[in-house]
Amino acid sequence: PSAKGGGGGDDAGTSYGDRWYEEVDGSEWKRGGVKWKTLEHGGVMFPPLYTPHGKPFYYDGAAVPLTAEQEEVATMFAAMRETDYAKKETFQKNFMEAWRPLLKKTDEGKPVKKFDKCDFSAIAAHLEEEKARKKEMTKEQKAEAKKEKDEAEAHCVFALIDSRKEKVGNFRVEPPGLFRGRGEHPKMGKLKARIWPEDITINVGEGAPVPAVPDLGDGKRHRWGDVVHDNTVTWLAKWMDSINGDVKYVMLAANSSWKGMSDLAKYEKARELKKHIGRIRADYMKGMKNPDMEAQQKAVAVYLIDRLALRVGNEKNTDEEADTVGCTSLRVEHVFLDEGDNKLRLKFLGKDSIEYDATTDIIPEAYKALKSFVKKKKPGDQVFDQVNPTELNDYFKHFMEGLSAKVFRTYNASITLDAELRKTEQMVSARQRAAEGDVVALMAYYNIANKNVAELCNHQRATPASHANAIAKMDEKIETLKAELKELKKAGSGKVEAMTKRISKMEADRRNKDETKNVSLGTSKINYNDPRVTVAWCKRFEVPIHRPFPKTLLAKFTWAMSVEPDYEF
DNA sequence: GGCTAGACTTGGAACAATGTTG
DNA sequence: CAACATTGTTCCAAGTCTAGCC
């Protein structure tokens, strides 16, 4: 039970209204603290039960009749036939292993065992047809279908929490399917089981009505697995995932007050780090000179987390999960120290199996220390064998309450954005403003600042499918404009200057598009950049807030809108 | 103390809606 | 107005981190 700070009486901190951000400052948002007094909601929506299509499946050239249960899983695979997953051996193997027990129930004499002899093409063709039929629906039909869906879900969309109406995020229970792990995930292709009401725990206020168990259409009367009244958590429902055994939660949407308060608390914590970062940096500089190996490793690990914005790198089980690493789990094979004096190259797969590959100038002390850490070790050995995330996070607590490794990422991202945006006057020329218009020129610069943060955090994406095409089109356009320019020059036209500008703008756009083809800008905007930095900047430069923050982000960040123009992270 | 269940944030891709263009 | 591109939303996987168990 957390006492409300700032004179709110001895009640738990849940008495704020819709505009909670005018009343609280984020400091009362505590893990394990009381989150609500009353909680009422409509429960969850289940995916429809499987309807068999009866299309044939062939094994070794012959049609094999499938039961509904068998066909359902075959159809899951058929739907993924053209994806990269379906071509991977691990996926095929896990899929067959999941499918076999179902097939076993009926196959006599002609067991379906070898993946290579399976032919899903008729089922795949059927799925294509269905897709085409859906596409051919008229506008009216589509609208009608959407209306029906919305009506069926309406009771789940909002929750009533301490008299506030709050949007629920993911009230749809995940449908069964073939697990799509990222990277080389050992479990890819396994069957993710269907979730039934009996698997679900509902969390609801003590006096509130328990949400009705929906009729699934299977003629059975279902019940919730459990109903609890836990006011120290923010989830409305949960169930256990059959792939990894971890818990999946139904929580509120990003624009809810709970997420907002938590967000505010997160950024305030990161700002708090500003006051302590000097001491922390001084301490790791000292630590690198400490003859004790453990002290040295801790110092260098913190240095990398701070300067390279690495994640802490918790332990992973490579039999059950993809082999990815973070700072403390780096292995010798990921570290290259032969790229020049005091140059560190790190090449490893991080979260989501996204590759980190960058060479950074580091301080000589860290370079020297790293050399000693990898000495006499095998490629598969840990670089930081004497430190682990728990120890690091305990150590951080000596400097600041609540400080943990991830705070450094938030801190570095937000402070970078703030610093970059402070250079706006110098970076956006009057000429550019005149040529492109103020808002366009300013937003181009904002996006560069945003891109710098994304690169700091190594937020990458696959090149969009349309990229090459789009670039080719732009090139073509540039060529035409250049030809036009030539004509204008020849004619001694007054439009030469305007055309030159137009071309350079176009070329800048092209360059920008190409340079950001592999950069994912959204993640830093949504999770790392203190929104108040952006809001204040918009106010200072008279940029409409919807330019950097489209509708959903605006809703997510309502708490940040009233910040003063001179706000500093 | 070490371990892990549990809760919550972070993450890219897939999908849907909307905007642009020919 | 269809085809395509872009932007916005949903999905659900994959991290972090600590309370509380032994």
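Every chain is numbered from 1, with letters handed out A, B, ... down the list of sequences. Please read these numbers as outputs of a predicted model, since none were measured by experiment.
Within the 4.0 Å cut-off from OP1 or OP2 of C/dC11, not a single side-chain nitrogen or oxygen of A/N170 is found. Within the 4.0 Å cut-off from OP1 or OP2 of B/dT10, not a single side-chain nitrogen or oxygen of A/R182 is found. Note on A/K397: a side-chain N or O is less than 4.0 Å away from OP1 or OP2 of C/dT18. The phosphate of C/dG15 (OP1 or OP2) has no side-chain N or O of A/N314 nearer than 4.0 angstrom. Residue A/T324 has no polar side-chain atom (N or O) positioned under 4.0 Å from OP1 or OP2 of C/dA14. Close to B/dT9, at under 4.0 Å from its OP1 or OP2, lies no side-chain N or O of A/K351. A/K238 has a side-chain polar atom (N or O) that falls below the 4.0 Å cut-off from OP1 or OP2 of B/dA7.
Using a 4.0 Å heavy-atom criterion, one finds that A/K556 contacts no nucleic acid atom at all. Among the heavy atoms of the strands lying under 4.0 Å from A/V233 are primed sugar atoms or P, OP1, OP2 only; no base atom is included. Here A/G177 lies out of heavy-atom contact (under 4.0 Å) with every strand. Using a 4.0 Å heavy-atom cutoff across all strands shown, A/K406 reaches sugar-phosphate atoms only and no base atom. As judged by a 4.0 angstrom heavy-atom cut-off over every strand, A/I526 is placed among residues making no nucleic acid contact.
Atom CG of A/N231 and atom P of B/dA7 are 13 Å apart (whole Å). For the pair A/H185 NE2 and C/dC12 P, the interatomic distance rounds to 16 Å; values are reported in whole Å. Rounded to an integer number of Å, the gap from CG of A/L310 to P of B/dT10 is 17 Å. Rounded to an integer number of Å, the gap from A/Y267 OH to B/dT10 P is 7 Å. Between A/N388 atom CG and C/dC17 atom C1' there is a gap of 12 Å when expressed in whole angstrom units. Distance A/N255 CG to C/dT10 C1': 14 Å, rounded to the nearest Å. A/K30 places its NZ atom 14 Å from the C1' atom of C/dT18, with the value rounded to the nearest Å. If you measure from atom NZ of A/K513 to atom P of C/dT6, you get 4 Å, rounded to the nearest angstrom.
Two residues, A/G183 and A/R31, neighbour DNA chain C, and the one matched to the more 5' nucleotide by heavy-atom proximity is A/G183. Where A/Y85 and A/Y528 each meet DNA chain B at their nearest nucleotide, the meeting point lying more 5' is that of A/Y528. Across the interface with DNA chain C, nearest-nucleotide mapping of A/K269 and A/K149 shows A/K149 to be the residue nearer the 5′ end. Heavy-atom nearest nucleotides on DNA chain B were determined for A/M240 and for A/T83, and the one closer to the 5' end corresponds to A/M240.
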Go through A/Y267 and A/R532 one step at a time and tell me if the side-chain hydrogen bond (donor to acceptor under 3.5 Å, both in side chains) criterion holds.
CA-CA 10 Å; A/Y267 289 114; A/R532 292 169 295 185; over 6 Å; no
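Donor-acceptor pairing under 3.5 Å is lacking for the side chains of A/S329 and A/E315. Using modelled atom types, one finds a donor on one side chain and an acceptor on the other under 3.5 Å when comparing A/D283 with A/Y395.
Salt-bridge annotation for A/K147 and A/D150: absent, with no side-chain N of the basic residue lying under 4.0 Å from a carboxylate O of the acidic one. Using a cutoff of 4.0 Å between basic side-chain nitrogens and carboxylate oxygens, A/E174 and A/K192 are scored as salt-bridged. Looking at A/D162 and A/K37, no side-chain N of the basic residue comes within less than 4.0 Å of a carboxylate O on the acidic one, giving no salt bridge.
Residue A/A78 comes nearest to A/I123 through the heavy atom pair CB-CG2, 3.6 Å, listed as atom of the first residue, atom of the second, then distance. Closest of all the heavy-atom pairs between A/C538 and A/P548 is SG-CG, 3.6 Å. When all heavy atoms of A/W20 and A/S257 are compared, the pair lying nearest together is CD1-CB, 3.1 Å.
The side chain of A/K248 approaches C/dA13 more closely than any other nucleotide in the set C/dA13, C/dT16, C/dT18. The side chain of A/P175 lies closest to C/dC12 when the candidates are C/dC12, B/dG12, B/dA17. Of the candidates C/dC17, B/dG11, C/dA13, B/dG11 carries the atom nearest the A/T523 side chain, counting heavy atoms from C-beta on. Among the nucleotides C/dT9, C/dA13, B/dT10, the one closest to the side chain of A/K266 is B/dT10. In this structure, the nucleotide among C/dA14, B/dC8, C/dC17 sitting nearest to the side chain of A/T234 is B/dC8. Considering only the side chain of A/Y249, B/dG6 comes nearest among C/dT9, B/dG6, B/dG11. Counting only heavy atoms from C-beta on, A/V312 has its side chain closest to C/dC17 among C/dC17, B/dT10, B/dG6. Of all nucleotides listed (C/dT18, C/dA13, B/dT9), C/dT18 comes nearest to the side chain of A/T390. Across C/dC17, B/dG12, C/dT9, the shortest atom-to-atom separation from the side chain of A/T552 is found for C/dT9. Of the candidate nucleotides B/dT10, C/dG8, C/dA13, B/dT10 has the atom lying nearest to any side-chain atom of A/T410.
Residues from residues 450-475 of chain A with heavy atoms under 4.0 angstrom of DNA chain B, sorted by number: A/H459, A/Q460, A/R461, A/A462.
Atom CG of A/D475 and atom CE of A/M506 lie 9.0 Å apart (nearest 0.5 Å).
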